[in-house]
Amino acid sequence: MNVLAFSGSLRQASFNSGLIRAAKELAPEGVRVEQADISAVPLYNGDEDGNNKPAAVTHLAQQIIKADALLFATPEYNYSIPGVLKNAIDWLSRVEGSIFAGKPAAIMGASMGGMGTSRSQYHLRQVLVYLDVHPLNKPEVFVSAAHQKCDESGNLTDEKTREMIAKQLQALKEWHDTLKG
């Protein structure tokens with residue numbers, strides 16, 4: 001199973017990109033996690049939509065089409081989804097063929113705050129449901145106090161969190177098999 005993972009943070013030492021790096025290491029047998037790069041996606045502009053989509057958007061669209069499942073690691077900015085992640089999703093939702101439809105997905109997130117991105121994850125879940133993505137309900141991964149669970153490069157060092165991610169990936173694999181079975 002090929003999982004395409006999106007980090008909602010462009011920061012080099014991002015805790016959320018660190019969650020994705022951990023997911024790559026912890027993926028169960030038969031699961032491969034690849035991180036998407038949303039850094040080159042420009043702000044959405046309807047004048048560039050249609051047949052003139054930016055190359056970064058068409059590249060991501062091809063990655064989504066090839067993916068069996070999706071993984072989102074989102075920070076929480078002002079109680080919601082980071083603009084860079086929402087912008088990428090908005091562009092990709094405009095690609096012909098409903099490329100998100102039917103894809104199973106898991107959501108996780110890390111922040112320095114005490115709620116571990118719970119609000120942004122629920123907002124992201126609403127967006128994904130609209131796109132006909134099938135988000136995994138449980139287990140949820142809310143990483144609070146991420147600055148105490150990651151090193152200075154954003155790499156996850158907390159064993160309990162690593163266990164939660166491994167469980168979520170196993171559940172995503174099972175969710176995929178259930179939906180596709």
Side-chain angles (χ1 to χ4, degrees), residues 1-43 54-57 59-60 62-64 66-89 91-92 104-125 127-128 135-136 138-173:
M1 179 175 88
N2 293 314
V3 177
L4 185 62
F6 291 82
S7 174
S9 174
L10 301 181
R11 192 170 64 87
Q12 192 166 21
S14 163
F15 302 131
N16 288 281
S17 294
L19 295 182
I20 292 173
R21 287 190 296 276
K24 287 180 179 185
E25 296 170 12
L26 299 166
E29 187 175 330
V31 176
R32 182 178 159 272
V33 177
E34 174 187 3
Q35 185 169 349
D37 179 7
I38 62 173
S39 65
V41 176
L43 292 175
V57 173
H59 177 71
L60 283 171
Q62 289 305 310
Q63 287 181 294
I64 291 171
K66 292 177 185 173
D68 298 307
L70 306 171
L71 174 64
F72 294 89
T74 182
E76 184 172 301
Y77 296 167
N78 301 314
Y79 285 15
S80 193
I81 308 163
V84 68
L85 180 59
K86 180 68 165 71
N87 179 65
I89 292 170
W91 264 115
L92 292 162
I107 305 170
M108 60 176 66
S111 73
M112 295 191 325
M115 295 183 67
T117 74
S118 60
R119 292 172 286 231
S120 92
Q121 287 193 40
Y122 290 132
H123 286 178
L124 179 56
R125 182 176 293 275
V127 171
L128 295 178
L136 177 69
K138 293 180 183 174
E140 296 175 303
V141 178
F142 302 111
V143 184
S144 59
H147 59 293
Q148 297 172 355
K149 297 173 182 171
C150 296
D151 66 19
E152 64 280 348
S153 298
N155 296 309
L156 183 63
T157 57
D158 183 71
E159 278 308 311
K160 286 193 176 210
T161 304
R162 292 175 67 82
E163 290 172 17
M164 288 177 8
I165 290 172
K167 287 178 184 175
Q168 188 183 55
L169 291 169
Q170 181 61 41
L172 179 60
K173 182 179 190 238

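These numbers were taken from a predicted model, which means no experiment stands behind them. Side-chain atoms are counted along with the backbone in the values below, which use heavy atoms only and exclude waters and symmetry mates.
In terms of modelled atom types and a separation under 3.5 Å, the side chain of Glu76 and the main chain of Arg119 share a donor-acceptor contact. Under a 3.5 Å cut-off, the side chain of Ser153 and the backbone N or O of Asn155 do not form any donor-acceptor pair. Put simply, the side chain of Gln168 gets close to the backbone of Pro139: a donor and an acceptor are under 3.5 Å apart. Side chain of Asn87 to main chain of Pro42: a donor-acceptor pair is present (N/O by atom type, distance under 3.5 Å, no hydrogens or angles). The backbone N or O of Ser111 lies less than 3.5 Å from no partner atom in the side chain of Thr117, so there is not a single donor-acceptor pair. Panel note: side chain Thr157, backbone Lys149; a donor-acceptor pair is recorded below 3.5 Å.
For Leu156 against Ala22, the heavy-atom pair with the smallest separation is CD2-CB, 3.9 Å. Across all their heavy atoms, Val84 and Gly8 have their closest contact at CG1-O, 3.4 Å. Across all their heavy atoms, Ala23 and Val33 have their closest contact at O-CG2, 4.0 Å. Residues Leu4 and Ala67 share a closest heavy-atom pair of CB-CB, 3.8 Å. The shortest non-hydrogen separation linking Ala88 to Val41 is CA-CG1, 4.2 Å. Summarising the geometry of Pro75 relative to Ser9, their closest heavy-atom pair is CG-CB, 3.9 Å, with the distance given to 0.1 Å.
To the nearest 0.5 Å, the span separating CD on Gln121 from OG1 on Thr74 amounts to 7.5 Å. Atoms CZ and CD, on Arg125 and Glu140 in that order, are 6.0 Å from each other to the nearest 0.5 Å. Remark: Leu10 CG to Asn16 CG distance equals 11.0 Å, nearest 0.5 Å. Taken to the nearest 0.5 Å, the CD atom of Gln35 stands 5.5 Å off from the OG atom of Ser7.
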Under the criterion side chain to side chain contact (heavy atoms under 4.5 Å, CB included), I'd like the reasoning laid out for His59 against Gln63: C-alpha separation, chi angles, the key distance, then a yes or no.
CA-CA 6 Å; His59 177 71; Gln63 287 181 294; 3.6 Å; yes

Pair Met108-Leu71, side chain to side chain contact (heavy atoms under 4.5 Å, CB included): steps then yes or no
CA-CA 8 Å; Met108 60 176 66; Leu71 174 64; 3.7 Å; yes

Can Leu85 and Leu124 be said to form a side chain to side chain contact (heavy atoms under 4.5 Å, CB included), step by step?
CA-CA 9 Å; Leu85 180 59; Leu124 179 56; 4.3 Å; yes

Steps toward side chain to side chain contact (heavy atoms under 4.5 Å, CB included) verdict (Leu128, Ile107)
CA-CA 10 Å; Leu128 295 178; Ile107 305 170; 3.9 Å; yes

Is there a salt bridge (Lys or Arg N to Asp or Glu O under 4.0 Å) between Glu159 and Arg162? Walk through the geometry before answering.
CA-CA 5 Å; Glu159 278 308 311; Arg162 292 175 67 82; 3.7 Å; yes

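Legend: ring pair (Phe, Tyr, Trp, His ring centres under 6.0 Å) pairs involving residues 6-40, not counting sequence neighbours, sorted by first then second residue: Phe6-Phe72.
A search for salt bridge (charged side-chain N to carboxylate O under 4.0 Å, His left out) contacts involving Glu29 returns nothing, not counting sequence neighbours. Applying the side-chain contact (heavy atoms from CB on, under 4.5 Å) criterion to Met1, with sequence neighbours excluded, gives Val3, Val31, Asp68, Ala69, Leu172, Lys173, His176.
A 6.0 Å sphere centred on NZ of Lys24 holds more than 12 heavy atoms belonging to other residues, nucleotides or ligands.
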